[in-house]
Amino acid sequence: MGTTTEDPLHHHLLLNVDAADTTRPKLSIRNLTKHSDNTNDDGSPPAPILSGVSLDVPRGLIVGILGPSGSGKSTVLRALNRLWEPPPGTVMLDGRDICDVDVLCLRRRVGMLFQLPAIFEGTVADNVKYGPKLQGKKLSDSEVLNLLSQADLEPSLASRNASELSVGQAQRVALARTLANEPEVLLLDEPTSALDPISTQNIEDALVKLKKARGMTIVIVSHSVKQIQRIANLVCLLVDGQIVEVLEPGRLSEADHPMARRFLELS
């Protein structure tokens, strides 16, 4: 879905996107722009990082963001739960401006997983219980085990010291910890770039199951075209801070934009 109802991308994205409710997007981005904080050496204004990005993210789908390095992928993602403050009126969650939502509440509703997992001291179970504990809630052992299962982890890991985990296991613990906050949206910033192929598949399997079982809306930035083709329902191609095309993963070969096409061919 694109910038307006007249945009052909809007009509295109209503097609063949499983049975998700596309009548009302979960997230809407409208004319999102961001400039670097640094001025050029000659005193001229810096080039924009994002130039009027507009996109509707349908609820209950996995949306992938692809593009060359430096194209603004992570910057778009981080705006969606206010890791940087987007201008008012540019990012909506269920039709409400995210700038009007308490930031901690927003980040529980819109969880995020980063490239490298941040693991806290204590056991795996302690990590999973962390978010609810901050809200005065206590997860039962069965709830912890269920969250580990959703993150494709063995129940036996619950009592293990989190510092003993592999990177792949730690990333899935971070996923379970995020899920403990019961998010409606999950953002992922190259979550498997540091993982081996098996751990990568585990994360991908967990994401697909979350979409199917919980109807979760997922937005993932990845450097891997093949990964996005495996799990995404829709693909946004971002070049020089602009979304130049939005396609279904099986139609990436139809990309028209020269730089986007070159990126896809070389990836």
Side-chain angles (χ1 to χ4, degrees), residues 26-27 29 32 34 36 49-50 53 55 57 61-86 90-91 93 98 103-104 106-120 127 130-131 150-152 165-181 183-197 199-208 210-211 216-243 246 249 263 267:
K26 186 65 179 177
L27 286 164
I29 307 171
L32 180 63
K34 181 175 175 60
S36 170
I49 300 171
L50 300 177
V53 169
L55 176 71
V57 177
L61 297 186
I62 300 178
V63 175
I65 302 179
L66 288 172
S69 297
S71 58
K73 302 185 296 296
S74 295
T75 304
V76 170
L77 199 70
R78 288 166 181 253
L80 302 183
N81 72 348
R82 291 172 61 185
L83 287 177
W84 65 273
E85 198 70 11
T90 57
V91 181
L93 175 65
I98 66 169
V103 69
L104 293 180
L106 175 70
R107 289 175 185 167
R108 287 193 289 267
R109 293 179 65 190
V110 183
M112 188 159 183
L113 204 65
F114 298 93
Q115 183 174 1
L116 293 175
I119 295 299
F120 306 146
N127 272 263
Y130 181 81
Q150 290 182 49
D152 204 20
L165 300 175
S166 68
V167 177
Q169 290 172 326
Q171 186 66 297
R172 281 176 281 156
V173 170
L175 174 59
R177 188 178 62 212
T178 301
L179 296 178
N181 288 322
E184 303 161 32
V185 180
L186 184 61
L187 311 176
L188 303 106
D189 193 358
E190 299 196 9
T192 64
S193 61
L195 305 186
D196 61 73
S199 296
T200 294
Q201 184 176 5
N202 290 335
I203 290 286
E204 291 177 2
D205 290 346
L207 296 179
V208 172
L210 285 168
K211 184 199 78 168
M216 188 171 290
T217 303
I218 298 172
V219 185
I220 177 171
V221 164
S222 177
H223 67 286
S224 170
V225 175
K226 290 182 179 179
Q227 178 175 69
I228 294 300
Q229 288 178 315
R230 285 193 296 266
I231 67 172
N233 302 104
L234 299 171
V235 185
C236 305
L237 297 174
L238 194 68
V239 175
D240 291 336
Q242 296 180 312
I243 292 179
V246 184
F263 166 79
S267 296

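Residues Arg172 and Asp152 come closest through the heavy atom pair NH1-O, 2.7 Å. Across Leu175 and Ala206, no two heavy atoms sit closer than the pair CD2-CB, 4.0 Å. Across Pro86 and Ala79, no two heavy atoms sit closer than the pair CG-O, 3.8 Å. Nearest approach of Gly241 to Val53, heavy atoms of both residues: O-CG2, 3.3 Å. Val225 and Ser267 make their closest contact through CG2-CB, 3.4 Å (heavy atoms, listed as atom of the first residue, atom of the second, distance). Counting all heavy atoms, side chain and backbone alike, Pro183 lies closest to Gly111 at CB-N, 3.9 Å.
In this structure, Met112 and Leu80 have side chains that are not in contact, with every pair of non-hydrogen atoms separated by 4.5 Å or more. The shortest distance between side-chain heavy atoms of Leu238 and Val221 does not fall below 4.5 Å. A 4.5 Å side-chain heavy-atom check between Val167 and Ser199 finds every atom pair outside the cut-off. With a 4.5 Å cut-off on side-chain heavy atoms, Cys236 and Val63 count as touching. Between Thr217 and Glu184 there is no side-chain heavy-atom pair separated by less than 4.5 Å.
Put simply, the side chain of Asn127 gets close to the backbone of Phe120: a donor and an acceptor are under 3.5 Å apart. Judged by distance alone, the side chain of Arg177 and the main-chain N or O of Gly131 form no donor-acceptor pair under 3.5 Å. Side chain of Lys73 to main chain of Gly67: a donor-acceptor pair is present (N/O by atom type, distance under 3.5 Å, no hydrogens or angles). Checking side-chain atoms of Lys34 against main-chain N and O of Glu85 turns up no donor-acceptor pair under 3.5 Å. Of the possible polar contacts, one joining the Arg82 side chain to the Ile98 backbone as a donor-acceptor pair under 3.5 Å is found.
A distance of 10.0 Å separates CZ in Arg230 from CG in Asp205, rounded to the nearest 0.5 Å. Atom CG of Leu66 is separated from atom OG of Ser224 by 8.0 Å, given to the nearest 0.5 angstrom. The line from CG of Asn81 to CG of Leu104 is 11.0 Å long, rounded to the nearest 0.5 Å. Atom CD1 of residue Ile65 and atom CD of residue Glu190 lie 11.0 Å apart, to the nearest 0.5 angstrom. Here the CZ-NZ distance, from Arg109 to Lys26, works out to 6.0 Å after rounding to the nearest 0.5 Å. Taking OG from Ser222 and CD from Glu204, the interatomic distance works out to 8.0 Å, rounded to the nearest 0.5 Å.
A 6.0 Å sphere centred on CG of Asn181 holds more than 12 heavy atoms belonging to other residues, nucleotides or ligands. Heavy-atom neighbours of Gln201 CD from other residues, nucleotides or ligands within 6.0 Å: at or below the threshold of 12.
Of the residues listed (Leu55, Val110, Leu234, Leu77), the one engaging Val219 in a side-chain contact (heavy atoms from CB on, under 4.5 Å) is Leu77, and it is the only one. Residue Gln171 is tested with Leu195, Thr200, Thr192 for a side-chain contact (heavy atoms from CB on, under 4.5 Å); the sole match is Leu195. Checked against Thr178 for a side-chain contact (heavy atoms from CB on, under 4.5 Å), the options Val173, Leu188, Leu186, Leu187 give a single hit: Leu186.
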Could you go through the side-chain contact (heavy atoms from CB on, under 4.5 Å) check for Ile231 and Ile220 one step at a time?
-> CA-CA 10 Å; Ile231 67 172; Ile220 177 171; 4.1 Å; yes
Show your working on side-chain contact (heavy atoms from CB on, under 4.5 Å) between Leu83 and Phe114 and close with a plain yes or no.
-> CA-CA 12 Å; Leu83 287 177; Phe114 298 93; 3.7 Å; yes
